[in-house]
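To start, the structure itself, in structure tokens.
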Amino acid sequence: MNNVVELEQVQLHFGKLKVLHDMSWQLQAGEIMGLFGHNGAGKTTSVRLILGLIRQSSGQVKVLGGEASDARVRQQIGFLPENVMFYPQLTGYETLSHFARLKGAGHDQVLGLLEQVGLTAAAGERVKTYSKGMRQRLGLAQALLARPKLLLLDEPTVGLDPIATIELYRLIGQLRDEGASIIICSHVLPGVEPYIDKAVILARGHLEAVGNLQQLRAQAGLPVRIRIQGPGAAFSHPQVLEHQPLSSDWHEFSVPATAKLPVLQELLKLPLEDIEIRPPSLEDIYRFYMEKASAVGVAGVQP
């Protein structure tokens with residue numbers, strides 16, 4: 001599988017200020033990747049490098065097999081910024097037509113994209129009358145012009161209601177199935193978790209973790225939580241790390257991932273009414289790496 005984006009030992013500094021430290025990760029063709037980190041972690045800087053807006057101080061950035069600054073590469077990239085700004089006096093249709101001309105995209109895509117993002121009924125209305133969610137959807141349509149091979153989405157669900165958010169991620173999945181590779185920057189981790197193939201976690205300009213959720217769970221060594229409804233007050237097992245009563249009949253047990261099956265086998269011997277298994281979530285993983293990075297920073301040691 002080919003790499004659509006490849007950062008290799010990338011460093012970026014402005015004078016004495018080092019923004020990125022030996023950053024290395026890849027996005028493969030047909031992947032949806034989540035790019036996560038606190039404010040100032042290096043997410044926006046990484047996106048700007050991929051867009052060719054800035055250049056690294058050292059290391060290599062390859063995008064679609066070429067240089068990020070190459071105009072032919074940029075033509076194959078779609079970008080949705082977090083704060084979308086359009087000419088307020090233009091209609092949605094006029095706005096998308098304008099960007100279609102700039103991108104060299106066929107005008108026949110305009111009406112199809114407006115329908116795809118749910119703006120057909122508002123296509124003739126001025127953008128100044130649009131809600132934030134509507135402007136966000138218009139921004140997504142703009143990013144999809146010319147059928148980009150690489151799509152960069154910065155907080156794409158800002159201003160969208162839950163139904164619109166689900167529809168957005170359904171569309172993103174469809175684009176991936178059609179061959180697009182996608183990078184999503186988001187702080188809404190529970191919302192994005194079901195849709196990503198890979199996560200890259202940054203802190204203070206350092207790469208803290210990269211991999212799919214299964215790999216990151218294994219690397220972090222976080223426990224699995226097992227919740228039962230039934231007589232669990234007296235249950236004990238040598239591999240249970242923590243037992244927390246949640247109510248009169250619900251109990252939660254934290255166990256190492258490697259001990260999940262042995263503990264489950266013992267729990268299933270009880271007359272249970274219900275059972276839930278909760279692996280570490282993306283939010284759990286993110287919190288683990290943020291706390292780890294914070295501890296390292298306090299100790300004054302660079303990763």
Side-chain angles (χ1 to χ4, degrees), residues 4 30 32-35 44 47-48 50-53 63-64 68-188 191-192 195-196:
V4 173
I32 299 177
M33 189 192 84
L35 184 60
T44 299
V47 168
R48 288 175 177 171
I50 294 167
L51 291 172
L53 300 178
V63 181
L64 295 166
S69 57
D70 190 327
R72 291 168 296 181
V73 170
R74 289 183 177 181
Q75 287 176 346
Q76 302 177 73
I77 299 176
F79 176 50
L80 173 64
E82 178 179 358
N83 298 307
V84 184
M85 300 291 291
F86 295 115
Y87 299 112
Q89 298 299 329
L90 295 181
T91 66
Y93 177 80
E94 290 168 342
T95 298
L96 206 56
S97 298
H98 170 66
F99 280 100
R101 288 191 293 272
L102 291 177
K103 286 190 171 184
H107 190 72
D108 58 326
Q109 294 183 33
V110 173
L111 289 177
L113 284 172
L114 287 169
E115 181 179 3
Q116 200 169 19
V117 299
L119 288 177
T120 299
E125 298 177 11
R126 294 175 188 258
V127 172
K128 69 178 182 179
T129 68
Y130 280 20
S131 67
K132 183 171 178 58
M134 292 170 71
R135 292 196 300 273
Q136 195 76 357
R137 283 184 275 163
L138 183 61
L140 179 62
Q142 171 274 137
L144 297 179
L145 283 166
R147 298 181 177 87
K149 293 182 179 179
L150 173 62
L151 194 56
L152 301 173
L153 307 176
D154 192 0
E155 299 292 352
T157 61
V158 169
L160 299 184
D161 61 47
I163 293 176
T165 296
I166 292 172
E167 292 174 350
L168 170 67
Y169 281 123
R170 185 180 296 123
L171 174 58
I172 289 173
Q174 178 184 334
L175 295 169
R176 186 262 312 275
D177 294 341
E178 293 173 356
S181 303
I182 301 162
I183 297 176
I184 303 173
C185 297
S186 178
H187 287 105
V188 189
V192 74
Y195 304 100
I196 60 173

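Keep in mind that this is a model prediction, so the values were computed, not measured. Quick note: numbers below take in every heavy atom, side chains included, and nothing from hydrogens, waters or symmetry partners.
With rounding to the nearest 0.5 Å, the separation of CD1 in Ile183 from CG in Leu151 is 9.5 Å. Considering OH of Tyr169 and CG of Leu175, their distance stands at 13.0 Å, rounded to 0.5 Å. For the atom pair CZ of Arg126 and OG1 of Thr95, the computed distance is 11.0 Å after rounding to the nearest 0.5 Å. To the nearest 0.5 Å, atoms CG (Leu168) and CD1 (Ile184) are separated by 7.5 Å. In this structure, OG1 in Thr91 is found 12.5 Å from NE2 in His98, a value given to the nearest 0.5 Å. Annotation: the span from Leu152 atom CG to Cys185 atom SG amounts to 7.5 Å, rounded to 0.5 Å.
Judged as a side chain to side chain contact (heavy atoms under 4.5 Å, CB included), and not counting sequence neighbours, the contacts of Arg147 are Gln109. Listed by chain and residue number, nothing satisfies the ring pair (Phe, Tyr, Trp, His ring centres under 6.0 Å) test with Tyr130 (two or more places apart in sequence, or in another chain). Qualifying side chain to side chain contact (heavy atoms under 4.5 Å, CB included) partners for Gln75, counting only residues two or more places apart in sequence or in other chains: none.
Looking at heavy atoms from C-beta onward, Val47 lies in side-chain contact with Leu35 at the 4.5 angstrom threshold. Using a 4.5 Å heavy-atom threshold, the side chains of Ile172 and Tyr195 count as separate. Side chains of Ile182 and Met33 form no contact here, defined as non-hydrogen atoms less than 4.5 Å apart. Taking the side chain as every heavy atom from C-beta outward, Leu145 and Leu102 never approach each other to under 4.5 Å.
Residue Leu153 forms a side chain to side chain contact (heavy atoms under 4.5 Å, CB included) with just one option from Val192, Ile32, Leu140, and that option is Leu140.
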Self-check item: CA sep, side-chain torsions, deciding dist, call: Val158, Lys132, side-chain contact (heavy atoms from CB on, under 4.5 Å)
Solution: CA-CA 8 Å; Val158 169; Lys132 183 171 178 58; 3.1 Å; yes
Report task. Start with the C-alpha distance between Val110 and Tyr93, add both sets of side-chain angles, then the distance that settles side-chain contact (heavy atoms from CB on, under 4.5 Å), and finish with yes or no. Result -> CA-CA 7 Å; Val110 173; Tyr93 177 80; 3.7 Å; yes
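Ala105 approaches Ala146 most closely through the heavy-atom pair CB-N, 3.7 Å. Heavy-atom minimum distance, Pro148 versus Gly78: CB-N, 3.4 Å. Contact between Arg137 and Val117 at its shortest, heavy atoms only, is CD-O, 3.0 Å. The shortest heavy-atom contact between Gln136 and Asp154 is NE2-O, 4.5 Å. For the residue pair Phe86 and Val127, the shortest heavy atom distance occurs at CB-CG1, 4.0 Å. The heavy-atom pair separating Ala68 from Val63 by the smallest distance is CB-CG2, 3.9 Å.
Heavy atoms from other residues, nucleotides or ligands lying under 6.0 Å from NZ of Lys103 number more than 12. Counting heavy atoms of neighbouring residues, nucleotides and ligands inside a 6.0 Å radius, atom CD of Glu115 does not exceed 12 of them.
Checked by atom type and distance alone, the side chain of Ser186 never pairs as donor or acceptor with a backbone atom of Glu155 at under 3.5 Å. Arg74 places a side-chain N or O within donor-acceptor distance of the main-chain N or O of Gly52, the cut-off being under 3.5 Å. Between the Gln142 side chain and the Leu138 main chain, no donor and acceptor come within less than 3.5 Å of each other. In this structure, Gln116 contributes its side chain and Leu113 its backbone to no donor-acceptor pair below 3.5 Å.
Not less than 6.0 angstrom separates the ring centroid of His107 from the ring centroid of Phe99.
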